[in-house]
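Take a look at the structure set out below.
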Amino acid sequence: MKKGFIFDLDGVITDTARYHYLAWKELARGLEIEIDETFNETLKGIDRMSSLERILTFGGKETAFTEAQKEALAVKKNKQYVELLTDLSPADLLPGIADFLAEAKKQDVPCAIASASKNAPMILEKLGVADYFKAIVDPATLRMGKPDPEIFLKAAAAIGIKPSEAIGFEDAQAGVEALNLAGIMAVGIVSDSDLTETTLNVNDLRETSVAALLAY
Ligand code: BG6
Ligand code: MG
């Protein structure tokens with residue numbers, strides 16, 4: 001029997017993965033680097049500075065900028081990203097999420113957020129679901145990002161359950177790898193990507209239920 005749920009945010013709770021892509025694409029274009037959706041898959045789940053490093057390496061510009069310039073580029077991307085989120089509201093929750101969280105709360109099943117995003121608390125507030133989560137792991141406290149298991153191990157500990165008692169929801173292969181390394185059952189949200197090494201994949205949470213998942 002499982003006892004708690006751990007959610008990634010971008011691409012699982014809401015479709016902000018799309019806005020990350022748009023903001024990175026515009027920043028990269030300004031640096032004369034063209035990225036496409038296939039390359040973008042490799043950025044999902046990866047923290048802000050590491051994403052920038054990957055883009056620069058992809059464009060053959062990994063040594064073109066100082067640390068201070070890279071910081072400024074990351075700030076610029078985030079400014080653009082946050083602007084794209086201006087109108088984010090509960091209507092932007094992905095299908096099935098609101099009902100699933102409400103049911104978990106009703107059954108007293110603890111939920112946590114394990115996202116690389118430093119914008120997570122603000123996004124959860126805008127979506128109107130912040131109160132459903134007993135814990136939000138602060139990515140600034142991590143030694144290693146996904147695919148390292150640290151973030152998911154911290155999330156499980158924060159809601160007082162063992163990794164083997166948790167179920168994690170992910171839309172990114174790096175996140176699935178992190179869940180597997182943590183010993184946490186992985187459920188893939190696969191609306192626009194293929195995920196391997198998950199226990200099960202669903203298009204959205206309407207295809208399963210709290211009761212069905214707790215029985216694993
Ligand atoms: C992850 C996203 O959830 O958060 C990545 O999948 C993103 O695309 C990362 O880069 C960091 O987010 P933020 O909001 O701190 O720049
Ligand atoms: Mg994600």
Side-chain angles (χ1 to χ4, degrees), residues 5-28 35-58 70-86 88 92-94 97 112-127 129-130 133 136-142 144-152 154-155 167-180 184 186-198 201-205:
F5 299 122
I6 304 173
F7 294 80
D8 173 46
L9 173 69
D10 297 307
V12 168
I13 303 274
T14 184
D15 194 14
T16 35
R18 182 162 60 95
Y19 298 127
H20 277 297
Y21 173 54
L22 292 175
W24 280 129
K25 194 172 173 62
E26 183 167 320
L27 185 95
I35 63 169
D36 61 13
E37 301 217 30
T38 307
F39 174 76
N40 187 58
E41 284 303 311
T42 69
L43 300 182
K44 287 187 177 175
I46 306 299
D47 68 66
R48 201 180 302 165
M49 278 313 279
S50 306
S51 297
L52 176 63
E53 298 284 2
R54 284 187 187 205
I55 291 168
L56 295 177
T57 302
F58 178 73
K70 285 193 262 189
E71 282 294 336
L73 288 169
V75 167
K76 189 173 170 191
K77 180 270 173 175
N78 191 54
K79 200 163 164 278
Q80 165 79 3
Y81 174 64
V82 170
E83 263 170 38
L84 291 168
L85 302 183
T86 308
L88 201 72
D92 294 298
L93 286 168
L94 282 171
I97 288 286
I113 290 283
S115 167
S117 176
K118 294 182 174 151
N119 293 298
M122 175 269 284
I123 290 172
L124 293 168
E125 282 298 332
K126 275 180 168 278
L127 294 170
V129 293
F133 298 98
I136 300 173
V137 178
D138 179 357
T141 64
L142 302 174
M144 299 277 280
K146 299 172 189 177
D148 188 276
E150 184 181 9
I151 191 167
F152 285 113
K154 279 198 166 170
I167 292 181
F169 301 95
E170 262 294 347
D171 70 316
Q173 201 61 49
V176 171
E177 200 178 324
L179 282 168
N180 286 332
I184 295 174
V187 175
I189 307 292
V190 290
S191 47
D192 57 2
S193 66
D194 281 333
L195 291 175
T196 58
E197 284 156 62
T198 50
N201 282 339
V202 292
N203 284 295
D204 62 55
L205 288 181

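Read the numbers this way: they start at 1 and go in the same order the structure lists the ligands and their atoms.
Scanning the protein heavy atoms around atom 6 (O) of ligand 1, the nearest turns out to be Gly45 N, 2.8 Å. Summary of contacts: the protein heavy atom closest to atom 1 (C) of ligand 1 is Asp10 OD2, 3.3 Å. Given atom 16 (O) of ligand 1, the protein heavy atom at minimum distance is Arg48 NE, 2.7 Å.
Checking side-chain atoms of Lys146 against main-chain N and O of Ala114 turns up a donor-acceptor pair under 3.5 Å. Side chain of Lys25 to main chain of Asp36: no donor-acceptor pair is present (N/O by atom type, distance under 3.5 Å, no hydrogens or angles). A donor-acceptor distance shorter than 3.5 angstrom exists from the side chain of Glu150 to the backbone of Met144, with no hydrogens or angles considered. Of the possible polar contacts, one joining the Gln173 side chain to the Thr196 backbone as a donor-acceptor pair under 3.5 Å is found.
Residue-ligand proximity, Lys118 to ligand 1, at heavy-atom distances under 4.0 Å covers atoms 13 (P), 14 (O), 15 (O). Atoms of ligand 1 lying under 4.0 Å from any heavy atom of Ser115, numbered from 1 in the order shown and given with element: 3 (O). Ligand 1 places these atoms under 4.0 Å from at least one heavy atom of Leu43: 5 (C), 8 (O). Taking every heavy atom of Ser51 and a limit of under 4.0 angstrom, the matching atoms of ligand 1 come to 10 (O).
Panel detail: the Mg ion (ligand 2) has protein N, O or S atoms under 2.8 Å away, 3 in number.
At a 3.5 angstrom cut-off on N or O pairs, Asp47 does not count as close to ligand 1. The shortest N/O to N/O separation between Asn119 and ligand 1 falls below 3.5 Å. Between Lys44 and ligand 1, no pair of N/O atoms sits closer than 3.5 Å. For the pair Trp24 and ligand 1, the shortest N or O to N or O distance does not fall below 3.5 Å. For a threshold of 3.5 Å applied to N or O pairs, the pair formed by Tyr81 and ligand 1 contains no separation below that value.
The aromatic ring centres of Phe7 and Phe169 sit less than 6.0 Å apart.
With 3.5 Å as the limit, one finds no donor-acceptor pair spanning the side chains of Lys44 and His20. Under the 3.5 Å distance criterion, with hydrogens and angles disregarded, a donor-acceptor pair is assigned to the side chains of Thr198 and Asn201. A side-chain donor from one of Asn119 and Asn78 sits under 3.5 Å from a side-chain acceptor of the other.
Taken to the nearest 0.5 Å, the CD1 atom of Ile189 stands 4.5 Å off from the CG atom of Leu205.
Summarising the geometry of Met49 relative to Ala74, their closest heavy-atom pair is SD-CB, 3.6 Å, with the distance given to 0.1 Å. Between Lys126 and Thr86, the closest heavy-atom pair is NZ-O, 2.8 Å. For the residue pair Ile55 and Ala28, the shortest heavy atom distance occurs at CG2-CB, 3.9 Å.
Contact analysis puts Ile46 in contact with ligand 1, with a non-hydrogen atom separation below 4.0 angstrom. In this structure, Ala172 has no heavy atom closer than 4.0 Å to ligand 1.
In this structure, the side chains of Ile151 and Ile6 stay at 4.5 Å or more apart for every pair of heavy atoms.
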